[in-house]
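Worksheet: the structure to be examined is printed underneath.
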Amino acid sequence: MLRAVEPGPEGRADLAMAMFRIAKPLGLRPEELALEVAKAVPAVPEFTEVQADRGFVNFQIEPRLFAERTLASVLTRKERFGQGHPRPERVCVEHTSANPTGPLHIGRSRNTVIGDTLVRVLKMAGWSVTSQFYVDDVGRQAAMLVWIWTTPVEAWPPEVREAAKLPPDGKRPPDVKADHWYGRAYPPTAAYIKEHPDAARSLAELSENMESGKLPKEEYRRIPQEILEAILASLRRMNASFDEFVWESDFLFDGSVERVAEKVRTSPRYHRTEDGAEAVEASDMGLPKESPWVYFARSDGTFLYPARDVAYHLQKFSRFDRVIDILGEDHKLHARGIAALLDAAGEMRRPEVLTYGFINLPEGRMTTRGGRVVNLDDVLDEAHERAVAEVKKRREDLSTEEVERIAESVGAGAVRFHVLRVQPEKPIVFRWEEALSFEGKSAPFVQYAHARAASLLRKAAGSDTGPRLEPSPPSKADIPQAPHPKEIALVRALSQFPSLIEKVAEGRSVHLLALYGHEVAERLNEFYQELRVLNSEPEVRAFRLALVSATRQVLANTLGVIGVDALERM
RNA sequence: GGGCCUGUAGCAUAGCCCGGAUGAUGCACCGGCCUUCUAAGCCGGGGAACUGGGGUUCGAAUCCCCACAGGCCCGCCA
């Protein structure tokens with residue numbers, strides 16, 4: 001694709017056209033063609049200057065008109081600035097879907113940050129979006145939770161009891177969240193079962209009773225449910241939430257898994273091993289040639305996870321036009337297996353799979369069983385604590401409650417922004433100092449710019465404790481003959497928001513939103529440093545107030561899309 | 001061994017899909033700026049032949065091939 005007109009280099013041109021490609025077939029020198037073209041462009045009010053420069057045709061945009069149109073658009077559309085036209089398709093975004101066996105670690109939070117941000121940006125772009133969390137309450141790890149926690153603590157295997165480090169009375173202290181509490185026994189139980197075949201057998205039996213419905217689901221969902229609630233509480237701190245929860249076991253009981261299996265058995269891909277295990281052949285769908293099998297049922301007849309996941313996806317396709325899954329890169333191959341099973345089940349549609357790289361620690365990969373994990377809650381708590389110290393350092397006038405509230409927004413925002421700003425496929429090495437940075441490319445930097453703008457607007461309206469001034473769009477007469485370069489740069493940044501939303505929604509490149517937020521904040525800070533607003537000359541005051549108001553709005557919209565609180569003061 | 005992804009200043013990143021005009025930003029470093037709108041800020045400076053090697057092109061960080069390095073995966077687990 002040939003992009004005829006593109007942004008020119010900073011300071012030289014607002015828009016530029018390269019002549020090289022066009023010049024060649026015409027047998028002309030690009031430099032000459034540029035001169036010709038520049039001469040031929042008719043004078044329009046949008047451009048102040050059209051010039052040839054070494055094979056490029058450079059355009060300068062008329063700043064007053066540009067400012068007038070941009071500010072009018074922002075100030076009339078307000079929180080809807082950037083909103084795309086409604087689109088008829090329904091989209092489902094499944095993300096996070098963490099097994100409710102313990103607390104979320106920071107690595108898994110990347111799934112949430114990417115997924116929740118994508119949901120927000122797709123909504124802004126005009127899609128109707130439903131977010132789903134797939135709750136795994138089937139299989140070994142779910143059974144393990146039931147197995148250990150329905151047994152009185154005194155009856156636990158001693159090594160499990162010791163490794164779980166429960167208090168002497170074995171009761172959960174009120175300040176310990178359910179995910180952290182139940183999660184304690186999980187790794188030692190897993191280790192114990194590995195060592196003890198008899199335990200493994202009784203676990204398998206329990207698992208079977210769960211799947212067959214002998215054990216009522218209310219019974220075995222109790223603990224996963226509690227853990228899930230606790231996980232959701234942590235996610236809420238990061239402004240992430242879900243529209244729907246889909247329980248894996250439901251597909252077992254409504255017969256949909258069985259129906260999938262029946263369909264698949266008629267497929268040419270279908271394969272049954274000598275032992276009676278069932279699989280599908282998928283060497284043509286990216287599975288390794290050495291083991292092209294996607295197993296969906298064990299030889300004892302019980303179903304494997306892929307069978308349930310396919311049933312789940314068929315349900316998604318029955319309700320949605322587009323299905324997006326956010327997965328860790330370790331699930332890439334499984335996603336191909338699901339695609340193969342969907343194919344065998346006669347479903348031609350495929351989920352769009354977005355994968356992201358792991359968050360590792362400087363000393364290596366995070367492992368729950370090795371005890372080398374950083375929990376999301378710990379990161380959020382630490383972020384909160386550091387933010388409290390920062391806020392107190394600069395604001396002595398605020399109440400304790402307000403300091404707490406601001407610190408929570410700043411801390412959680414910093415964490416979310418830190419994870420968001422990196423292109424998803426890149427691995428991240430988690431370092432505390434970087435994750436909890438409150439300056440530079442960070443959420444607090446953007447929040448700070450928003451708070452500055454908000455403060456200016458309140459003061460312009462009369463009082464720092466009152467409502468913000470809401471200027472109407474400036475008329476051309478209000479706009480200075482020659483706006484300051486800092487003003488133009490700011491207008492230019494604001495004008496890019498709608499097309500950015502479009503681009504991010506289209507390409508699912510959510511990290512660009514964080515970068516854009518930083519960009520706008522930086523432009524505002526530069527403007528703020530150089531030019532006065534409140535006590536400026538009367539001929540520019542109205543324009544600057546409108547510019548500040550528009551900037552605040554765009555910052556608020558950007559922060560809204562990335563899921564970070566836009567603060568009035570900090 | 002095979003497959004997918006990544007490799008850009010001391011560190012962390014954007015740009016790569018869709019090739020263009022002196023490679024952008026943050027942290028760190030050096031030097032400035034709080035008696036007027038919040039210094040979580042601003043201004044200035046040093047620091048990169050974009051992992052290496054070939055190729056395509058008027059032009060390559062960007063496209064193609066090879067090599068090297070790192071991440072992830074290759075279960076009748078989920």
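Chain identifiers are assigned alphabetically (A, B, ...) following the order of the sequence lines, protein sequences preceding nucleic acid strands; residue numbering begins at 1 within each chain.
Base engagement by R395(A) is indicated by at least one non-hydrogen atom pair under 4.0 Å involving a base atom. Among the heavy atoms of the strands lying under 4.0 Å from L531(A) is at least one base atom, whether or not backbone atoms are also near. Counting any heavy atom pair closer than 4.0 Å across all strands shown, Y528(A) reaches a base atom. Within the nucleic acid shown, V533(A) comes within 4.0 Å of at least one base atom, counting heavy atoms only. No contact: D137(A) has no heavy atom under 4.0 Å from any strand. At the heavy-atom level, L456(A) lies under 4.0 Å from base atoms of the strands shown. Using a 4.0 Å heavy-atom distance criterion, F56(A) is classed as a base contact. E278(A) comes within 4.0 angstrom of no nucleic acid atom, judged by non-hydrogen atoms across all strands.
Comparing C73(B), C37(B), U36(B) by their nearest atom to the side chain of L333(A) picks out C73(B).
Salt-bridge annotation for K217(A) and D250(A): present, with a side-chain N of the basic residue lying under 4.0 Å from a carboxylate O of the acidic one.
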Pairwise N/O distances under 3.5 Å, protein to nucleotides 75-78 of chain B:
unit_1: C76(B); atom_1: O2; unit_2: S299(A); atom_2: N; d: 2.7
unit_1: C76(B); atom_1: O2; unit_2: S299(A); atom_2: OG; d: 3.1
unit_1: C76(B); atom_1: N3; unit_2: S299(A); atom_2: OG; d: 3.0
unit_1: C76(B); atom_1: N4; unit_2: D275(A); atom_2: OD2; d: 2.3
unit_1: C77(B); atom_1: OP2; unit_2: R298(A); atom_2: NE; d: 2.6
unit_1: C77(B); atom_1: OP2; unit_2: R298(A); atom_2: NH2; d: 3.2
unit_1: A78(B); atom_1: OP1; unit_2: R298(A); atom_2: NH2; d: 3.0
unit_1: A78(B); atom_1: OP2; unit_2: Y305(A); atom_2: N; d: 3.2
unit_1: A78(B); atom_1: O3'; unit_2: D136(A); atom_2: OD1; d: 3.2
unit_1: A78(B); atom_1: O3'; unit_2: D136(A); atom_2: OD2; d: 2.5
unit_1: A78(B); atom_1: O2'; unit_2: N99(A); atom_2: ND2; d: 3.4
unit_1: A78(B); atom_1: O2'; unit_2: D136(A); atom_2: OD2; d: 2.7
unit_1: A78(B); atom_1: N6; unit_2: H334(A); atom_2: ND1; d: 2.3
unit_1: A78(B); atom_1: N6; unit_2: H334(A); atom_2: NE2; d: 2.9
unit_1: A78(B); atom_1: N1; unit_2: H334(A); atom_2: ND1; d: 3.4
unit_1: A78(B); atom_1: N1; unit_2: H334(A); atom_2: NE2; d: 2.6

Could you list all N or O pairs between the protein and nucleotides 5-9 of chain B that sit under 3.5 Å apart?
unit_1: C5(B); atom_1: O4'; unit_2: K332(A); atom_2: NZ; d: 3.4

Under 3.5 Å, which protein N or O atoms sit close to an N or O of nucleotides 56-58 of chain B? Give each pair with its distance.
unit_1: C58(B); atom_1: OP1; unit_2: K24(A); atom_2: NZ; d: 2.3

Tell me, with the steps shown, if V57(A) and Q51(A) meet side-chain contact (heavy atoms from CB on, under 4.5 Å). CA-CA 6 Å; V57(A) 181; Q51(A) 266 192 334; over 6 Å; no
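In this structure, R452(A) satisfies the cation-pi test against Y528(A), with its NZ or CZ atom closer than 6.0 Å to the six-membered ring centre and inside 45 degrees of the ring normal.
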